[in-house]
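What follows is a set of notes on a single structure, which appears directly below.
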Amino acid sequence: MGELEEQKAYNAAIYVRLSREDKEKKESNSIGNQKELIRNFLEKQLDIVIVGEYVDDGYSGVDFVRPSFQRMIQDIKKGFVNCVVVKDLSRFGRNFIETGRYLEQIFPLWGVRFIAICDGIDSGQGFSSKERILIPFKNLINDAYSHDISIKIRSQLEIKRKKGEFIGSFAVYGYKKAAEDRHKLVIDEYAASVVQDIFKWKLQGISQQRIADRLNERGELSPMEYKRFCGLAYQSGFQVNLQAKWSAVTVGRILCNEYYIGTLVQGKRTTPNHKVKKVIQKPKEEWVRVENHHPPVIEREDFFVVRKLLLQDTRVAPKKQKVYLFSGLLFCGDCGQNMVRNSVKRNGKNYIYNMCGRNRTHLGCSSHRIRDCLLEQAIFLTIRQQIFSMVAMEPIFTLLEAFSKQTELEKIEQRLLEKQKEAERYFKLQQALEKAKRENLLDQIESMELEKIYKEKLKAVKEAKKKLGKEKENLLQNQRKGLSKIQQFQKIQNIMELTHDSLVYLIEKIDIYEGNRIQIQFRYKDSYLM
């Protein structure tokens with residue numbers, strides 16, 4: 001017996017790998033069958049003992065950045081393993097250069113024996129001149145196979161994109177994959193209502209950061225947290241990551257996303273080839289766009305108004321939450337430069353003027369200076385005339401509004417329901433934590449940290465529910481009403497002062513000329529010249 005043990009000179013690692021592409025091939029490549037074949041082979045090898053199994057399930061062979069492979073390499077460096085056994089060369093790797101480097105340089109240098117059973121390769125027995133020719137050739141074939149598969153997959157994905165099939169891992173915030181067909185998108189009513197609020201607030205002139213702050217104050221889960229809450233890529237167990245908050249960047253991405261008007265946009269990014277994993281951005285002309293692919297969340301008209309606002313000068317006034325009244329709308333009629341605000345103090349009073357930005361920086365053009373109060377009065381009188389024309393279109397607007405309107409009360413009820421579900425989830429986690437503490441599954445520090453996290457999250461949910469309750473109460477008292485477009489025009493007609501959201505709905509741009517001449521380009525009618 002002792003003599004037999006002395007013969008076992010090699011501590012073997014069984015390495016098996018299966019990529020996503022391989023799963024569609026023969027059953028012989030399955031993880032179970034690979035293990036069984038290797039074990040049966042090693043039972044007959046008197047000089048080899050199995051010390052570990054290393055499995056990379058779902059990993060490509062084009063590179064060696066695989067978790068179990070890297071763990072095996074570390075065990076080799078530590079001296080725990082000095083023999084690697086695989087079913088065949090393709091299971092080890094499909095990269096011609098890297099595979100050859102391991103077999104010809106690294107493993108011989110480390111004194112590691114390599115066995116590929118189905119290819120008849122065993123470095124412990126030495127390589128014949130024939131094998132030294134065949135091994136690189138087989139590696140080259142495996143590499144070519146990966147290249148061919150990569151081309152086919154890219155081609156299939158491109159065809160699916162052009163056919164209008166959604167192929168993303170996760171639906172964009174505001175949508176979810178259809179239960180009957182994961183390549184179709186349907187509206188997620190709760191998340192979509194948040195998106196609608198974001199667009200509504202932007203049209204009112206609120207900055208992205210203020211919108212993010214408002215969402216955080218209201219207790220809305222950010223897109224990342226909402227996916228986790230819905231069970232997408234959610235990690236079960238007691239450990240819960242700190243909650244990601246809404247940010248101006250997140251709000252900005254939503255405001256720019258064409259998905260919300262029903263347009264499917266895919267193929268924005270790619271990799272140079274199957275070996276290089278670095279993601280690069282493709283030119284816009286190469287993106288695959290399919291219009292009217294799924295139900296819209298935002299009206300096209302509102303979306304493009306917001307897009308225009310994002311490109312304009314919409315600076316927020318100091319210590320204010322909203323932009324200046326005419327921000328992003330005023331232009332010099334001669335040079336096309338943005339008009340800028342300028343404050344002049346005379347006799348103890350401040351006078352606000354709008355002047356050509358190019359003239360202010362001494363780059364030419366004339367000042368085109370016009371007082372803010374005069375401009376506001378002229379615009380106000382002209383808008384009243386325009387609204388009378390718009391009101392005549394009430395039957396058309398009413399018909400269009402009926403298809404997409406969702407009352408504020410329904411939105412709040414949805415949010416309250418989601419918050420109740422969120423509260424129930426954290427309550428159950430608290431109960432599971434108590435059970436784990438009784439059974440001594442967690443140490444004191446871990447349990448205290450988790451207890452603190454769950455307590456804070458429940459407190460945040462309760463505060464959000466309280467705020468939603470107040471919003472609901474105000475809505476029921478008719479303090480907040482959702483207005484259709486025609487009602488918005490009527491409201492503008494009756495108010496005594498202009499607002500930024502009313503201006504961006506009605507006006508495309510305002511050109512200022514010398515002599516206080518103003519030209520207004522309306523979005524719904526031909527221009528007026530004064």
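For this chain, numbers begin at 1 and follow the sequence in order.
- Within the 4.5 Å cutoff, the side chain of V81 has no heavy atoms near those of the C83 side chain.
- A donor and an acceptor atom, one from each side chain of E220 and N216, are nowhere located under 3.5 Å apart.
- Across all their heavy atoms, I38 and K87 have their closest contact at CD1-N, 3.8 Å.
- Residues I211 and K202 approach most closely at CD1-N, 3.8 Å, considering heavy atoms.
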Test F199 against I254 for side-chain contact (heavy atoms from CB on, under 4.5 Å), laying out the working first. CA-CA 9 Å; F199 275 85; I254 287 177; 4.1 Å; yes
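- Crowding of K467 atom NZ: a count of heavy atoms from other residues, nucleotides or ligands under 6.0 Å exceeding 12.
- Between the R210 side chain and the W201 main chain, no donor and acceptor come within less than 3.5 Å of each other.
- The aromatic rings of F64 and F69 sit tilted, their planes meeting at an angle between 30° and 60°.
- For the residue pair R66 / Y15, a side-chain donor-acceptor distance below 3.5 Å is found, with atom types taken as modelled.
- Using a distance-only test at 3.5 Å, with no hydrogens or angles considered, a donor-acceptor pair links the side chain of N40 to the main chain of E36.
- Side chains of D188 and Y173: a donor-acceptor N/O pair is absent below 3.5 angstrom, by distance only.
- Considering only heavy atoms from C-beta on, K184 stays 4.5 Å or farther from K177 through its side chain.
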